Amino acid sequence: MEFPENEKRSLNFIETIIEEDLRNNKNEGRIHLRFPPEPNGYLHIGHAKSICLNFGLAEDYNGLCNLRFDDTNPEKEDIEYVDSIKEDIEWLGFKWDKKPYYASDYFEQLYQWAEMLIEQGKAYVDEQPQELISQQRGVPTRPGTESPYRNRPVAESLDLFRRMRAGDFKNGQMILRAKIDMSSPNMHMRDPIMYRILHQEHHRTGNAWCIYPMYDYAHGQSDYIEGITHSVCTLEFEIHRPLYDWFLDQIADGGYRPRQIEFARLNLSYTVMSKRKLLELVQKGIVVGWDDPRMPTISGLRRRGYTPESLRNFAERIGVAKRDNVIDVGLLEFTLREHLNKITDRVMVVLNPVKVIITNYPEGKTEKMWLVNNPENAESESHEVPFGRELYIEREDFMEDPPKKFFRLGPGQEVRLKGAYIIKCDDYKKDENGNVVEIYCTCDLNSRSGAEGAQRKVKGTLHWVSAEQSIDAEVRLYDRLFLDEDPAGHKETDFKEFINPDSLQVISQAKAEPWLQRAQPGDKFQFQRMGYFCADKDSKPGHLVFNRTVTLRDNWSKSNS
RNA sequence: UGCCUGAUGGUGUAACUGGCAACACGUCUGACUCUGAAUCAGAAGAGUCUAGGUUCGACCCCUAGUCAGGCAACCA
């Protein structure tokens, strides 16, 4: 362990199990986990929790973690998802052991074990229609009834099973079932299905197979093949555990044995997490794709401007337990800001510009101001920001008739321009519609940043940009996608009813300082006083596009509302 | 009416397996500030689902309840 002995750190329940196994030298002291996504969709932040857990445990205990694709259902799976999943895991900063593994690599072994079970009288081919089988399964409170094919001769089942593989039957005509207990109080033990016929091309095995193993049969055996010691999954598989163990009992030799451990999945307030709902948002065009910056997918968060560090830190802070939980999105935003604050360069961008004219500043004159890139970083360099007679400031930083605690610009009020001069508002001009179009100020020429005259206390500091030398940028202001804390939690109301109509606001002509011209897609900045922003992949030379990742904390507007 | 699991401030996670409930986010003060950010200092907020029991002592052990989630796909 990386923690010094005197520094007591509390363990979560999985770490407790692992440390106990280590003490008992279980599985010869090996620690081997796995992350087993089904390649049928994009990974979301809930998966990120699981990824951080599994790979993180492997790192902490000097073990290994496999990436294994649970690709046993070719009807839903695709190579596109395989690629995106690998990309997301690598982006999060984790390395899987050796190559990615696939359950489909074990199809032959799984098949052989299935034949073995048939020969031992522990599995049989059933040829009843689906409806009948599910009917016979019974209900949780009442035992099921046995299939008439349950005790057919071994040789018959074996022959049928081989013909299933050979393609002699249509989809649904035959299935292979484990012979366990039709009266078990656990529905999963009532002769669960091991194999079904699927005449369907598989993205990796092509047309080599027309029968595919079910999850319950494939998963534990795959764990066994790979030498997994701790098979961590979410709570809904808890009831599958007896079956996981039953299948293992058939092949384990008594020495090594993997163990399934379940934990509570992540729920986030103001967010939907189910693949089905996320897919619906994409298909109905409510968002622009799986990587829409409003999506809780890893690709969406990445495009939004989240950093892997912030996500890993988030996963660390939420902990792991077995009770249902709902994490406040605010915590996610906290870990995001925490990291972005440390790493981003500060720039000035005026989102909603209004012109300021400094009447006592010479026409045509330009000065170069220097602003520190990141005051949080002692080694940070500075960059140049042009200043001139005509500037833009944020429209909301001026009020014709400001309230007492308005530390910004208003008639007669003084304000500091970040990194430049202190100015005072003398007058302003409105258009025929009553909108302020120009603000006239005088500037204290002795107050240039760094000079003696700059030492005065001034209540407010504004960001600004040169009217002449600023560049245009498109800025996409994202807000949470849902207005309700638990959009999927209302039985009577569809989750889409809670969609925030203002989750995206596009500003086509924000005014940015020229230094930002160099921004490349993915680059992150703090727009001074406005929030953290990230250059979008739509950004091109000459047409900058920025996504608002998250606003700055804002106690002022909070206390004013 | 069955089976599995869970229950600790607003939220999440702890409490060395029995020694008078801690940490983080959030909230509220105040300081500082050329970002109403960050930073710093401080405060409020639970007596651990309920009722019994064991014990000098219970969040922790026992009993009985209550409430919540999950389980009846040829999905994973």
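Computed from a predicted structure; not experimentally measured. Chain identifiers are assigned alphabetically (A, B, ...) following the order of the sequence lines, protein sequences preceding nucleic acid strands; residue numbering begins at 1 within each chain.
- Looking at A:Asp105 and A:Arg204, a side-chain N of the basic residue comes within less than 4.0 Å of a carboxylate O on the acidic one, giving a salt bridge.
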Mind listing the side-chain donor-acceptor pairs of residues 42-51 of chain A below 3.5 Å, one per line with the distance, residues two or more places apart or on another chain?
{"unit_1": "A:Tyr42", "atom_1": "OH", "unit_2": "A:Glu80", "atom_2": "OE2", "d": "2.7"}
{"unit_1": "A:His44", "atom_1": "ND1", "unit_2": "A:Gly46", "atom_2": "N", "d": "2.9"}
{"unit_1": "A:His44", "atom_1": "NE2", "unit_2": "A:Met273", "atom_2": "O", "d": "3.1"}
{"unit_1": "A:His47", "atom_1": "ND1", "unit_2": "A:His44", "atom_2": "N", "d": "2.9"}
{"unit_1": "A:Lys49", "atom_1": "NZ", "unit_2": "A:Ala264", "atom_2": "O", "d": "2.7"}
{"unit_1": "A:Ser50", "atom_1": "OG", "unit_2": "A:Asn54", "atom_2": "ND2", "d": "3.3"}

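- At B:G69, none of the side-chain N or O atoms of A:Lys322 fall inside 4.0 Å of OP1 or OP2 (strictly under the cut-off).
- Judged by distance alone, with hydrogens and angles left aside, A:Glu376 brings no side-chain donor or acceptor close enough to the base of B:U39 to form a pair under 3.5 Å.
- In this structure, A:Arg323 does not reach the B:U5 phosphate: none of its side-chain N or O atoms is under 4.0 Å from OP1 or OP2.
- Under the stacking criterion of a centre-to-centre distance below 5.5 angstrom and an interplanar angle below 30°, A:Trp556 sits stacked against the six-membered ring of B:G36.
- For an aromatic pair to be called close, the ring centres must be under 6.0 Å apart, and A:Phe482 with A:Tyr270 fails this.
- A donor-acceptor contact under 3.5 Å is formed by the side chain of A:His240 with the base of B:A76.
- Counting to the nearest Å, the P atom of B:U35 and the NE2 atom of A:His463 are 13 Å from each other.
- Between A:Glu236 atom CD and B:A72 atom P the separation is 11 Å, expressed in whole Å.
- Taking atom P in both B:C16 and B:A58, the straight-line distance is 16 Å, to the nearest Å.
- Regarding contacts with the backbone of B:C3, every side-chain N or O of A:Arg190 stays at 4.0 angstrom or more from both OP1 and OP2.
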Bracket string, RNA chain B, 5' to 3' - pairs by Watson-Crick or G-U geometry under 3.5 Å, | interstrand: .((((((..((((.....[..)))).(((((.......))))).....(((((..]....))))))))))).....

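- A:Arg142 contributes no side-chain N or O that forms a donor-acceptor pair with the base of B:G2 under 3.5 Å.
- Atom CG of A:Leu11 is separated from atom P of B:A14 by 10 Å (rounded to the nearest Å).
- Between the C1' atom of B:C75 and the NE2 atom of A:His202 lies a distance of 14 Å, rounded to the nearest Å.
- Among the protein residues, A:Asn341 comes within range of the sugar-phosphate backbone only, with heavy atoms under 4.0 Å from sugar or phosphate atoms but none that close to a base.
- When distances are taken from the side chain of A:Glu77 to each of B:A76, B:C71, B:G36, the shortest belongs to B:A76.
- The shortest distance between the side-chain N/O atoms of A:Arg196 and the OP1/OP2 oxygens of B:A76 is below 4.0 Å.
- Per the geometry, CG belonging to A:Asp324 stands 10 Å off P belonging to B:G12, to the nearest Å.
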Stepwise ring-ring contact (aromatic ring centres under 6.0 Å, His included) test for A:Phe13 and A:Phe263: CA-CA 9 Å; A:Phe13 77 101; A:Phe263 72 98; 8.0 Å; no

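- In textbook terms, a nucleotide whose glycosidic angle is within 90° of 0 is syn, and B:G47 is one such case.
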